[in-house]
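Below you'll find the structure, written out as structure tokens, and then a few comments.
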Amino acid sequence: MNEKTLNTMLEKLKQEFDISDIVEHKPRLTTFTVSKQHAETLIRELRDREAYTHLNFMTCIDYIEDGIFSLVYMLHNYGKKHSLGVHVNISRNGEEVFSIHTLWAQAWTYQRELREMYGIRFTDSPRLDEDFCLEGWDQIPPMRREFDTKKFSHERFGHREGRSSEVPREHMKVQLYPNRGGDEE
Amino acid sequence: MFKKSLNTEDTLENAGLTVEEQQLFSNARPQAYEPYPIKAVEDFANWARANSLWILAFGTGCGAIEMRPLMTARFDANRFGVAGRPTPRQSSVFVIGGYASVKTLKRIVRSYEQMQGPKFVIALGICPVNGGMYFDSYNTVNRFDQYLPVDLYITGCMPRPEVLVAGIMELQKMIKAGKCNGANRYVDNFDWYKANQKKVIKNWDMPDYNW
Amino acid sequence: MIYQSLGEWFDKIGNFSLTLLIVTVYGLLMGAFIERIIAKVQGRIGIPYKQPFINVLKNIFKRTAISHGIMFYLGPVFRIAGGIGTLAFIPVIFGSETFSNFSTAGDLFLVIYFMFFGQLGMALGAGESGHPYSAIGVARGLSQMTAYEVPFALAVVAIVLQYGTLSINDIVAAQQGGWQHWTMVTNWPATLAAMLAFLGMTGYSPFDIFLAPQEIPIGPPTEFHSAYLGLLQLNRALFGATKLILFMNLFFGGATGWPELMLKTWLIYMVAIVVGVAFPRYRVDQGIRFFFKLPTLIGIMSIIYVQMVLTA
Amino acid sequence: MSLRDLLSPFYVWQRAFEKPYTTKRPTLDRPGAPAYRGFHINITETCVGCGSCHTICQNHAIDMVAVDEYVGRDGDSGLRPRFDYGRCCWCGLCVDICTAGSLRMSNEYAWISEDPGDFHFTAGIDDKPWQENALGYRRAEGYHLYPPKRITMPMLPVEESVNTFDEVVRGYDKEQAKKEADRCVECGICVATCPAHMDVPDYIHSIRDGDYEKGLQLMYRTNPFPATCGRICTRRCESVCPVGILGEPVAIRWLKRFIVDQVDKKDYPRILNEPIGESDFKVAIIGAGPGGLSAAYYLRQQGHAVTVYESRASAGGMLRYGVPSYRLPDVELDKDIEHILAIGVDIKYDTEIGRDISFETLLEDNDAIFMSTGLSVPSSMRIHGEDHPRVLSGLQVLADVASGRDPGIGKKIAVIGGGNVAMDAARVSRRLGADVTLLYRRRISDMPADDEEIDESQAEGVVIVQQAIPVEVLDADGTERVCIKWGEAKMVDDPKGGRPRPVLQEDRMHTETYDCIISAIGQSSDLGYLSSEVQDQLAIEWGRFKPVEYQHTMMEKVFVGGDFANRTADAISAIEDGHHAARGINRFLNPDAFIKAEMQDE
Amino acid sequence: MNTIDEILDYAIDQEQQAADFYEEVAKNAETASMKKILLDFSEEEKHHKKILQAVKTGEHELTPQQEILDLKIADYLVEVEVSKNISYQDALIIAMKRERAAYELYTDIAARVPEGHLREVLDGLAREEEKHKLFFETEYDERILTDN
Amino acid sequence: MTSLNRHTLTGHSAALDFSQPEPVDLSSGKYVKLWQGPQHPGITGNMSLELTLEGDTIIGCKTHVGYLHRGFEKLMERRTFIQNFTVVCRIAVPEPTFNEYLYSHAVEELSGIEIPDRAVWLRTLNLELMRLASFLMWIGGQSGAFGMYTVPNWTLSHRDFVLDLFEEMTGARIYHMYIVPGGVRAGLPEGFEKRARDVMDSTEKMLGQVERVMFNNAVTKARSRGLGIIDPEMIDPYGIVGPNARACGVARDLRKDEPYLAYDQLDFDIITGHDCDAYGRAWQRLQETRQSIDLIRQCLDRMPVDGPFQADMPNVLHWKVPAGETYVKAECTRGEYGYYMVTDGSEYVRRVHVRGPSYTHAIAVMERLAVGCNIADIAGLMVSLHTYPPEIER
């Protein structure tokens, strides 16, 4: 997509919507952040007006340190061969989000997955509470960053015993120079 | 008939099932397989079992990908008496194709219990041994032998069809020698296995035993 | 059927048992042989000849820990009874006292009855298993059977009319004296109709939907296992061979010795195989449609042919 | 439904008359491809147990386990990888990363067992049938998971360097240092080999993080001479660096130097901010070389009153008087020394024991003594004519130059020896404008001097004559000059082992005249300041101190260290001796504290 | 010195003298460490003596044909005076020079006697002394000529 | 019953009607609920369909996945960049190299690494071989789903010959782990080109036979004509990509649209079809298989024989990729396969999202197309969409 048309479009959108952090990652991919209030309309506009008709995927990034989930809607315009990544930041603690299942047929599947993996609720999204990948999950949603999968796996599934490993450096210290080296007594 | 015998002493509760569902499943404990009293008969039976291994067509993990070449022209396992069988009732070998997610484990347990003895389990790949690639995954079990008895392990990721053939031959040898008694182990340690299964399968909405 | 003495009865039964054994073993062997031919087409080697026997033995040695009620037991029993019954009234070797079985004047009707009997019994047993796949398989099997029985029945009627007898032995006798006397030549439309029905009868592609592992596993015997399955397998071998013998008798001049029988039945079987490996399977509705079209037409034609041409 | 669609499928029968696709004996006929990634092979002899395979394995399939056979070899952790085939995914990353190139994979792939606990083995140690397989995966030529080549160090061009005493090595910039630090695999094998056991991987890590202050703190934990060692260390660490097995070792010394270069001297107190303990003890230290000052630094940290006695006018010992400033500028040495003194170490210059103050008095007045007087006496060649006035010692020449005196060497000189002192003498002489010939008994490859030194000196125009045994020094008749007679040597293998020994060939003698001859064949210690009784009490055997724990001697209060005691004759061992002695003195002074601590540990 | 036994006796005596020499020097040595070294040398000589005694009784055989490595260090070093505060380097030089002298002595004698058993014994003794010299030369090569 | 959402192809609105079918009253006895899978040979991989039947006709279908869920996206967050490349290939077993390529490409893009020319060609060859192998298996699967077991035996054998090539080239049959961030792991072994050409020749010959046997087949046509018709209107709203879309005449192929690797130097055209049914899709894939063979031959012709196959790389043990965000995609056998990667400058990746085409094909599209199908056709329909569960659930 040539730069000029892209910029024109972004300028236009900027006037109408609350858009920030526009980054052009490569000629065929631009991302920006839009406020939650404007997001649904913006995405619909992009689909209907700007011909970003293909939803590549929809996903979520957990910025635990900022306390937000960043929802990502990757839209593609086949005509211009250009992808737009729309970030929508929401709070990590149980904020409900608009659903786009009326825009794309597969969107509710993504939303069902995000509900399961992050615990995000989408308003009126069909079959939202059905199990998707997990069954009988009794922990915090696993894709949240505070969930420690290794620890969980070790506790619940256990490992075969009979394994132990030495650290070369420590091993050599014990074997070769037990009283020397950096450790102050 | 078996399924109605709800009041025998050594029964399982199958708690958690609705009353209608309880009627659908047996409550009787599984019983160990007793060899025929005459050794020659048992040996003959074992020979027949060894040479007619029907594998349950349940691709539980990546391992399923190598089952296809195995069963088709390149490796043609049919000539070793191996055949795929789509129903657990008729199968005698369960091939665990690698990792088992918790959700699949539930189905594996159920399918395994539906198989009629003597039955054998081959575990493919590294994941059933010690977690393999997914030792830290929250959704796959690490030690398959905690949940079902395994007769033979074939390591590799994935094990090639050639090793599968070798494994099948090894299994045949073991069966002929009468050494393959994983199913009896399952019966003997039934409560232990069930406890382990229930430890990881959290929504236990299936019967404890459903043969 | 009136026999002189009880001793003759015993002789008969003994002879029949021998026939039964030979035909079953032959059926199993033929199964392996056919499997190997299919394997060859698929670029494989295929099962060893002993495999069907081992499979049956293995299944019989297998433990059973499950039942779905009396009818479930009876399914395989009915089925094998159907198989044995069918064979019982077919003269296997023409002109041989030992291998003529209980063939009598109206045996053709009995044979056709027994052919149905087994299927229905099986259907009842499978239905009792309670498995939805069984039920679907049974529905498919029965509807397909109904479909292929039409051309088959028409063909049989045609030859009954042609030879004016209901005795298989007589029908075979009428075809003696060289290939030009075989029904295949004398009444080719009936043979054609019957052979098309035969495709459906053998359960190879394109008419194997009721046993299909892909579409629904594995049809009526989904729940059958161990010895029940062993019986079904035995029956499949026996019944398969019996059907071939019947077709051979009705349309291909029968056989005067075992080698002839084997060659002819194998060739007949090959018809199903030649078609079977080349085609996928029809859905059951497509199968029914198929049988109700061309084969039925040919069947009707064969009767007309008999009436107009042969008896004219 | 066309007729074609009915007939065309029968083509299927064509296949029936062709050869089947089936492999006849699948278990025998199909070995893995030549580069198949099958079961692991480890050449345990080559393996150094660096544990990179363990680190890179995402499945934690590799354990490093001790193999007794290999424990205690230099540059070898004594560990070998043990594989868990309940984890391994045969990605071969371990093979790719293997620093020693010892790990590879066979093309064997069949392992069947009834017991899931079976699938462990230590490759190369446990007997497995595939150990000898010639085929299997190897890392491809030209494929690396870490850069095998070192970042080139910027140097003063030879044309310039030969004319100046300015530092030759310019030091890395940040970008270069980061890149070089990146090459480290963090195995820590160097830590064992480093006499001071410095936390090499950790301070290299701090370079990658850009946290030089942390790096400095780490270095001072084991070595109070980082600026010095960053320039002139003999870097035994680099000789065992696993990265150097197949490529070039990580430039550990230059990275150390880089950290020091990044930190301004005036920030030292803030960054290091050593806690100074409370103590009433007095410790005397004889010799302000690296050993003595190192001991002083660590003793001072414990709060002891430390006094260093130095016979010369400046501290630093050999570092100042033996190492020329183009290798170690005084300002860098001072950076280290000044910080040591800054934490409260008292130093008395121009004070010679035995002359200004007696050893016995010292012993009397202090609670402990640490002696580290180094090797100050040049070894004599013990050949005829050696006492010729134009035969100078290398040490003397270097000390003269360091002190700013003219050693008066002339225009054409010969240096005898092959160690670092010889190299230094030769290169200093070049800088003073002389033509230098270096005579060495053995081959260049046998030289104990650093390879870099040898290369650089040759680049600077030093002519090295190898296998030349000096036999006699002669007067050059009627001149101020001197003649040396030397014979060619041939190298003979010693049947009892050891390196090949040079044997003089009497029929191949040469004589050459020089302005002077600098002898630098070795040094020995001067025990002159110790009375013979003291010497007896110290129980020196075969020219060495009897080894006792923590640098303690047989005398109660006396600890020794440095070249004086250990004979390895490099700064870093002296530093560690000092550190270790400090530890020993501490234990000696506060035995209760240690007993208590040890009891608590148990 | 005509018989083999006589020659061997002489050699044994020489070794004893050497041992005595080192003991004497050790007595006068200033430091205990140097004393220890010299006494070690003396022990070494006593060990040589034992070997020769064993040769005499036939328990040990001399090896006259053996090639002994000659490092020739003793050849070009200066003579050293025995003194009280003698260094290790000097002690080694003295020792190797003594062994060299003994070696030369036996070689000389051997050259004068006719070929035969006697000569073989003398040659063997020469080799033996050469071995001793090598011991000291190696020590010198290793510890003194360290080149650094 | 009236509320049941029976999709028809009349009118445009049908394509945009995404509403879920309302649950039926099972106790009425009029309907049967039937589970197909996970233990079922007619299912592509380990997944299951919850079917509601009225007679033989499906009136409701729900896809259930998760049997193969291993939490890759989570696992990748706690593995270093080099370690991840061994993990990703497990996401899609029949074509692992697409994962390897996309993962490596995303990492390279974020860290600004340019791979050498030879690596570009080796990757292209690898991906095309993978496409061929995958298509061969698919042809077998489609044929098997309709009950013809001859063709699977042939195609799977030839797939195995391609796997043999992989084994030589990469050192493994299934999980090649060949495309590594920074390039590839090795060059081609000696004699590879000839062996590859032999396999291409025999596969091409076999494909001819398959066309005669399977495609010009009255029964196949009877089964697959008119089965699972995708209305071209559905393509965007349902996110249908790859051969499924191209079979409807929509010329979308990332190899042409947004060329990656060496595809802009290869000579090929986008193949499109006009039958939107299962047969059309099968035909489309057969043609693409042939195209793939052609592309492999082109790759072999133009493969540089020497030169580096790995870019200059940092030490991977502590490799930090600069903070950034990217979405890379490639045309796999099923269509757009994409990796969305977010890094935060540490040694670990912040987030990876793997977009597999089956995500839409097997759930939204499948659930819709299944309605109105005969129960016997469900396996054929599913295979014709070329779904593969592990890439849905990861």
Side-chain angles (χ1 to χ4, degrees), chain B residues 1-5 23-26 28-36 41-54 56-58 71-92 113-119 175 183 187 209-211, chain C residues 32 35-36 38-73 126 128-134 137 211-230 232-233:
Chain B
M1 285 292 100
F2 292 94
K3 66 171 178 175
K4 306 281 167 8
S5 60
Q23 296 292 317
L24 288 172
F25 302 106
S26 169
R29 270 177 178 275
Q31 271 152 23
Y33 171 78
E34 298 289 338
Y36 292 105
V41 178
E42 177 68 15
D43 285 352
F44 181 63
N46 278 338
W47 172 81
R49 283 166 194 150
N51 285 304
S52 167
L53 295 171
W54 287 1
L56 176 63
F58 187 2
M71 302 308 296
T72 52
R74 190 80 192 280
F75 296 101
D76 190 24
N78 278 12
R79 63 197 151 129
F80 306 111
V82 175
R85 214 64 195 171
T87 161
R89 295 290 189 213
Q90 299 171 1
S91 321
S92 51
E113 292 184 346
Q114 286 177 350
M115 286 165 68
Q116 302 294 311
K119 50 192 172 184
I175 296 171
V187 172
Y209 210 64
N210 62 350
W211 44 265
Chain C
E35 278 288 312
R36 283 179 77 97
I38 295 174
K40 187 79 181 134
V41 175
Q42 295 177 341
R44 297 191 285 133
I45 293 174
I47 57 172
Y49 289 105
K50 62 186 179 190
Q51 194 62 44
F53 299 93
I54 301 176
N55 286 349
V56 171
L57 281 171
K58 192 257 329 229
N59 277 323
I60 288 170
F61 282 127
K62 223 166 147 60
R63 197 174 74 126
T64 177
I66 185 174
S67 163
H68 295 287
I70 292 286
M71 270 317 292
F72 181 72
Y73 281 136
E128 178 72 7
S129 73
H131 200 290
Y133 290 177
S134 290
L211 283 173
Q214 305 284 334
E215 274 82 351
I216 272 304
I218 161 176
T222 305
E223 283 287 302
F224 286 102
H225 55 275
S226 50
Y228 311 129
L229 186 63
L232 288 181
Q233 283 182 314

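Values below: every heavy atom of this structure, side chains too, minus hydrogens, waters and symmetry copies. Below, read A as the first sequence line, B as the second, and so on, with proteins coming before strands; counting in each chain starts at 1.
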Shortest non-hydrogen contact between [X] and [Y], atoms and distance:
X	Y	answer
B/Tyr33	C/Arg63	CD1-CD, 3.7 Å
B/Ala73	C/Gln42	CB-O, 3.6 Å
C/Lys62	B/Ser92	NZ-CB, 3.5 Å

Under 4.5 Å from any heavy atom of chain C, what part of [X] do you find: side chain, backbone, both or neither?
X	value
B/Thr72	backbone
B/Phe75	neither
B/Arg74	neither

Most contact-rich option vs chain B, by heavy-atom pairs under 4.5 angstrom, among C/Leu57, C/Ile47, C/Asn55, C/Ile60, is C/Asn55
Q: For B/Asp76 and C/Arg44, indicate whether the former's side chain and the latter's backbone hold a donor-acceptor pair under 3.5 Å.
A: no
ask   = At what distance, to the nearest 0.5 angstrom, does CG of B/Asn46 lie from CZ of C/Phe61?
value =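 That separation rounds to 9.5 Å.
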To the closest 0.5 Å, what do you measure between OH (C/Tyr228) and CZ (B/Arg89)?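 Going from OH on C/Tyr228 over to CZ on B/Arg89, the span is 11.0 Å.
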Show, in sequence, the C-alpha distance, side-chain angles and deciding distance for B/Trp47 and C/Ile54, and conclude whether the side chain to side chain contact (heavy atoms under 4.5 Å, CB included) test is met. CA-CA 9 Å; B/Trp47 172 81; C/Ile54 301 176; 3.9 Å; yes
Query raised in the report: Which region of C/Leu229, side chain (C-beta onward) or backbone (N, CA, C, O), has a non-hydrogen atom less than 4.5 Å from a non-hydrogen atom of chain B, or is it both or neither?
Result: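 Looking at C/Leu229, just its side chain touches chain B.
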- Message: Is C/Gln51 in contact with chain B via its backbone, its side chain, both, or neither, using a 4.5 Å heavy-atom distance?
- Response: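 Only the side chain of C/Gln51 comes within 4.5 Å of chain B.
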Ring-face cation of C/Lys58 near B/Trp54 (centre distance under 6.0 Å, axis angle within 45°):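 The answer is yes; both the distance and angle limits are met.
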